[in-house]
Amino acid sequence: MKLTGLRSHLSYEWFGVLAPFDPTCRLVTSPFFSPLSLGALRLLFAVYSLVTTITVLVFESVRFHDVHSFFSYFTDLSYIGLVAYFWASSVQTIVFVLSGQKAYPLQKWPRILQFLHVLLYTTITIFPIIVTVVFWSLLASPSTFSTRYSAWSNVSQHAMNCSFILFEILLTNAGPSPWSHIIPCFVLFACYLGVAYITHATQGFYTYSFLDPSVEHGRLAAYIIGMGIGYCILFTIVKGVCTLRCRLVSPSPLDPSERVQSEAIDEWEHIDVEQPKESTGSDA
């Protein structure tokens, strides 16, 4: 079996980073908004999410003296991802507008930065939805809206985050993410379990009550397995929605990164068998 073709595709191309990178400028355009409007909206989301993050960090530090646990919560980590994505995408989109809609900086940057950007896009279309579903189904309580600050912070981090993401999924030309992203994003998601239990070992508390084995017992494994399965289902749904949106509002052929993966799979399945040579002489 020849694996050289597969090895050549298990690279940047396999993860959706082609050369040239994004030649049709899908990452900075929208089928519904002009690039200028798209850049302004992304900048608005970037500013709001950054202000929210800083406010929550400062308030919890001053009021509850709890700044050390800020980076232990998946909610805060995923929200920081939102901040990073919307600042990065807004700057790229605005520069695209200022350049006369000809190009944007990321297209000429090193491929590792291009890969990190498209991977960041994949994470922010998945993780905030998980945060919102888990919070409102397992963690929300009467104290969620007990004060103005609590109501604002919970709505911002557990409701508006999804509205920002739905904007990217439904109203821009970005995506769909390649299937290959399901693995690194799953690894990042799984690594959070390590963060949660490191936090318990170093600070003495569980970031989320359903991760406490002394309380949940056998249900803990069910929660973990369920979230893993839910992640895979959610990835498929988001990819399907992005694909459907592309076909309905901006018809185009199969995404190049999808073609690369399809060709790689074909080469993986192809087995070169050396054909026996026909005998040209008789036995002595």
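Values below: all heavy atoms of this structure, side chains included; hydrogens, waters and symmetry mates excluded.
- When only modelled atom types and interatomic distance are considered, S69 and S72 share no side-chain donor-acceptor pair under 3.5 Å.
- In the hydrophobic clustering of this structure, M160 groups with I80; members are Ile, Leu, Val, Met, Phe, Trp, Tyr whose side-chain heavy atoms approach within less than 4.5 Å, directly or through other members.
- No single ILVMFWY cluster, assembled from side-chain heavy atoms under 4.5 Å apart, contains both F210 and I198.
- Taking the side chain as every heavy atom from C-beta outward, I129 and V238 approach each other to under 4.5 Å.
- In this structure the side chain of Y12 never reaches within 4.5 angstrom of the side chain of V118, judged on heavy atoms.
- Contact check for L138 versus Y208: no side-chain heavy atoms found under the 4.5 Å cut-off.
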Can you give me every donor-acceptor pair (side chain of residues 220-236, partner residue at least two apart or in another chain, under 3.5 Å) with its distance?
residue	atom	partner	partner atom	Å
Y231	OH	I182	O	2.8
Y231	OH	F186	N	3.1
T236	OG1	C232	O	3.0

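- Side-chain contact between S78 and N161 is absent, with no heavy-atom pair separated by less than 4.5 Å.
- The heavy-atom pair separating E168 from F86 by the smallest distance is OE2-CE2, 3.5 Å.
- With a 4.5 Å cut-off on side-chain heavy atoms, F205 and H200 do not count as touching.
- F167 has its ring centre less than 6.0 Å from the ring centre of F33.
- Taking 4.5 Å as the limit, some side-chain heavy atom of C246 sits within range of a side-chain heavy atom of P176.
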Compile the donor-acceptor pairs under 3.5 Å between side chains in residues 50-63 and protein atoms, sequence neighbours left out, one pair per line.
residue	atom	partner	partner atom	Å
T52	OG1	Y48	O	2.8
T53	OG1	S49	O	2.9
T55	OG1	V51	O	2.7

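- With rounding to the nearest 0.5 Å, the separation of CG in D212 from CZ in R219 is 11.0 Å.
- Annotation: side chain of Y206 is in contact with side chain of P213 (closest heavy-atom distance under 4.5 Å).
- Taking the side chain as every heavy atom from C-beta outward, W87 and L43 approach each other to under 4.5 Å.
- With respect to F127, the ring pair (Phe, Tyr, Trp, His ring centres under 6.0 Å) criterion is satisfied by exactly one of Y85, Y192, F74: F74.
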